[in-house]
Structures are given as C-alpha cells and as structure tokens.
Amino acid sequence: MNILILGSGGREHALSWKIKQSPLCNELFIAPGNAGTGMVGTNIAISATDFNAVKSTVLERKIEMVIVGPEAPLVEGIYDFFQGDEDLKNVMIIGPSQAGATLEGSKAFAKEFMMEFDIPTAAYKEFSAETLQEGLAYIDANEGPYVLKADGLAAGKGVLILDDASEAKQELAAMLGGKFGEASAKVVIEQFLSGLEFSVFALTNGKDYKLLPVAKDYKRIGEGDTGLNTGGMGAVSHPPFVDAEMMAKVEERIVKPTIKGLGERGLEYIGFVFFGLIEVNGDPYVIEYNCRMGDPETEVVMPRIKSDLVPLLEAAWKGNLGEQEVEIEERSAVTVFMVSGGYPEKYEKGKEITGLENVTDSIVFHAGTKEQNGKVLSNGGRVLAVTSYGSDFKEALATSYESIKHISFEKHNFRTDIGFDLK
Ligand code: AMP
Ligand code: GLY
C-alpha cells in the first residue's frame, strides 16, 4: 500500500525508516519531510496542518494509510476531517480524534481525566482570569517549587517551574493575562514532583493496546541537565531503572485505566499514546500525556521494534490489535542530537553538513535538514539524531559519539553526557 507520513522532524525520519522496511509498504510519502526522509521516500512540500492539501495528496497518490507525526494536525482535528469526508473516510489514519487529542491539547482536561480514572499524577488546582485572586492565595498557602502549566499548546514553553512565591504569583498573573494567548486562559498549578522521568508508549485502538519500547529523553541544553529546555538532546532505550516491577505498576495503574477511560468517555483513539512519567519513591506518576510519539524518543523506539509496524497499525485501524504480538529488540538503542550552535536561543541555518557518508556504525536520522543542489544543509535548531545499538546503553553511546566525530557542520553542538544519570 502507499503510505503518507505527516511531519518533518527526526521522529518522522525514524518512522519513515521503519515503515519503509515493511514488505507491505509500496510507495512512501512524507509531508513536508526533510533531507533524510527524502532519501527514504518522496517528500511532498505541503504543511501537515493544511488539510485540503493533505486530501489532494492522499487522492492523487492513492494513499491508503496516513501516519500523523506531530500533535498540531491532531489537535486541529485531522482525524475528524478524514472521517467526515466521503473520499477519505476509508483511508486508515493513525492518530486520535480531536476529542482524544485533548489529552495533550488541554492540561486541565488531562488532569480531570486522571482524577476520574484514579490515575496517579501530581495534585493540582486549575485557575482562570476570574479566579486569579484564589490562585495567588493558593501560591501563598503552599510551598514551592511551584509548577505552572498553561492549559493549551504553547510550543513546549507553557510549563514554568519557580522556587519563589512572588515570582510564581507574577507569572500566574502574566499567564492568565494572555502571556501564551488563548493557551494560558486557564492555568494548572500542580505539586512539584522530584524523580527520574521516562516515556512509555502504547499503540491503541481505544480498546486494546500494545506497549512499545520505553525510553528516557534529555531535554536540557546543558551537561548534567542544566540550562534551557530544548526539543530533546538525546534519548536512551531501555532506561535500566525502569525495571519489570515498575513496568507492572505503570501498566496496571496508568496504561490500563487510561485506555479504559478513553472507552468510557467515548474518545475515539486509533494511534499512539505517550505517557510522560516520573518515578517518585518507587511509584510512577503521570507528568503529561501526548497524543503522538515522542521526539527524540522515536529515534530509539523504532530501532527497537523488531516486528513489522505496518500490520500493527493496520490492526489498530481494523480493531484486531489484541491479536497482534510486538517483538522487541533486546539490544539497547541511544540517540545523541547534533544541534545548531546557539540553539535553543538564536542560531544560524543553512550550514553544509559533511561526512554523513562516513558513518557506518550508526543510523543518522535527520531533523532540521534540507537538501539543496545535492548538498545537505542545516535547517533548524535540532539537526541530526545519531542513533546506535549496543549490548547496553553505554556501549551504544560510545558508538554514537564515535560516529559524531565523522559528521561536521559549522558551530554544531551536542551533549557529551547523555545517560549521565543512569547506571
Ligand atoms: P510537561 O509539558 O507537562 O511535560 O512539562 C514539561 C517538563 O516540566 C516536564 O518534562 C518535567 O520535567 C517538568 N514538570 C512538569 N510537571 C512537573 C511536576 N509536577 N513536577 C516536577 N516537574 C514537572
Ligand atoms: N520528548 C518529549 C516530547 O516529544 O514531547
């Protein structure tokens, strides 16, 4: 069958890489894609949120399956758009309905959902402009650190963690005053949790689910998890601290009640659920839900799925996911991101990337790259994800760091300590 992947990052290159290995995949298209996806399939220069352009592509290219990479088209209702269109409603689209995507699109909705289904998460209160005074009083009455979350999507910048009460009060007022526009019309203030974070992924049809490999990502720009947040500087799968006992708790206390909740609430959901979790004193808590795969986690999760992904996605669509098996690679996989100098603040694009052809022991997934006159140029902050396998994550990391030595572009940067907090 012909398959279309929507998105343009490292996640989408990793998905393309995996999907292209399937004997069931005939032609593969990526919209809009990057230089890496252009080497695996055909890039189509349209935006993933331009639903009419997506429709034209699907019809012209005889696409039978669409895999939605990023959250924006899902939160904007691409699944519902397909379902409501006579020409598209039989096209398999992997990604939840707009209602299902609210688990990511609204923090207040997600918190309320977790409360209803008894899913462990930080205690919280929700405030709006009308209840600002109560919010200020709530901060005064509680000890920091204060975790302030804009309700809606705020390009990954909507969570503030503040030690100081007066700063927290100022920020609460600014957020409710429109700091993130409509996204911060509501703000969730929640209890600060301290522990190691990890990412669990499930493929579901809203009834059955299959767990995919677990990963841990490294979000901060600086060594030792310091400095500004980024889109992700690296990832490790499997993070050793997430043992079988922890996974049993995750499945019983978090995954099963979440899938049950989707069903009970009638939230149509055929796609990936990303559980952003934290371990506190041996127990897992949900930090956030996402309605898609993670980035950079996908760059280590896909390489660890041995089964063909296409029949699994098809089964999710057709309702027989429960009969499927997912075979997982025993080896570890890690990825280290090469980013543009200055990122996540100001940085330059358009730098020529050299040496890619000399990498033999790693898989290089492209994120912010573009092809121009046969050259690969940097085209974003996060540029390349260098993924490797190893008998353990340390061995895999050594391979990625060795491969990085072959690759160069002006002013590039990467973290040399991915996995620093793991044993
Ligand atoms: P979120 O967008 O909800 O994932 O939040 C972004 C980041 O903020 C998370 O990955 C955590 O590192 C941190 N964070 C969010 N909520 C909490 C919390 N309740 N306690 C501590 N850290 C948090
Ligand atoms: N790695 C975190 C995310 O994809 O949101």
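Predicted, not measured: the structure shown is a model, and the values here were computed from it.
Atom CD of Glu357 sits in a crowded spot, with more than 12 heavy atoms from other residues, nucleotides or ligands closer than 6.0 Å.
Under the side chain to side chain donor-acceptor pair (under 3.5 Å) criterion, Tyr289 pairs with Thr258, not counting sequence neighbours. Looking at residues two or more places apart in sequence or on another chain, you find a side chain to side chain contact (heavy atoms under 4.5 Å, CB included) between Ser388 and Ser362, Thr399, Ser400. By the side chain to side chain donor-acceptor pair (under 3.5 Å) test, Glu264 pairs with no residue at all, sequence neighbours left out. Qualifying side chain to side chain contact (heavy atoms under 4.5 Å, CB included) partners for Lys62, counting only residues two or more places apart in sequence or in other chains: Asn2. By the side chain to side chain contact (heavy atoms under 4.5 Å, CB included) test, Ser56 pairs with Glu60, sequence neighbours left out. Residues satisfying the side chain to side chain contact (heavy atoms under 4.5 Å, CB included) test with Ala108, not counting sequence neighbours, are Ser106, Glu126, Asp151, Lys186, Val188. Not a single side chain to side chain donor-acceptor pair (under 3.5 Å) links Lys346 to another residue, sequence neighbours left out. Glu327 meets the side chain to side chain donor-acceptor pair (under 3.5 Å) test with no other residue; sequence neighbours excluded.
Within the structure, salt bridge (charged side-chain N to carboxylate O under 4.0 Å, His left out) contacts touching residues 32-48 (residues at least two apart or in different chains) do not occur. Sorted by first then second residue, the salt bridge (charged side-chain N to carboxylate O under 4.0 Å, His left out) pairs that include residues 368-381, not counting sequence neighbours, are Glu352-Lys375. The stretch residues 301-311 participates, sequence neighbours left out, in these side chain to side chain donor-acceptor pair (under 3.5 Å) pairs: Ser22-Asp308, Ser237-Arg304.
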- Task: Begin from the C-alpha positions of Ser403 and Asp361 and carry the test side-chain hydrogen bond (donor to acceptor under 3.5 Å, both in side chains) through to its verdict.
- Result: CA-CA 7 Å; Ser403 294; Asp361 298 335; 5.7 Å; no
- Can you check side-chain hydrogen bond (donor to acceptor under 3.5 Å, both in side chains) on Tyr218 and Asp421, steps first, answer last? CA-CA 10 Å; Tyr218 290 81; Asp421 51 353; 2.6 Å; yes
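Judged by the 6.0 Å and 45° rule, Arg415 forms no cation-pi pair with Tyr401. Taking the centre and axis of the six-membered ring of Phe272, the NZ or CZ atom of Arg292 falls outside the cone set by 45° and 6.0 Å.
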Under 3.5 Å, which donor-acceptor pairs do the side chains of residues 189-199 form with other protein atoms, sequence neighbours left out?
| residue | atom | partner | partner atom | Å |
| --- | --- | --- | --- | --- |
| Glu190 | OE1 | Lys111 | NZ | 2.7 |
| Glu190 | OE2 | Lys149 | NZ | 3.1 |
| Gln191 | OE1 | Ala123 | N | 3.0 |
| Ser199 | OG | Glu297 | OE2 | 2.6 |

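Distance alone, capped at 3.5 Å, is enough to place a donor-acceptor pair between the Tyr347 side chain and the Gly381 backbone.
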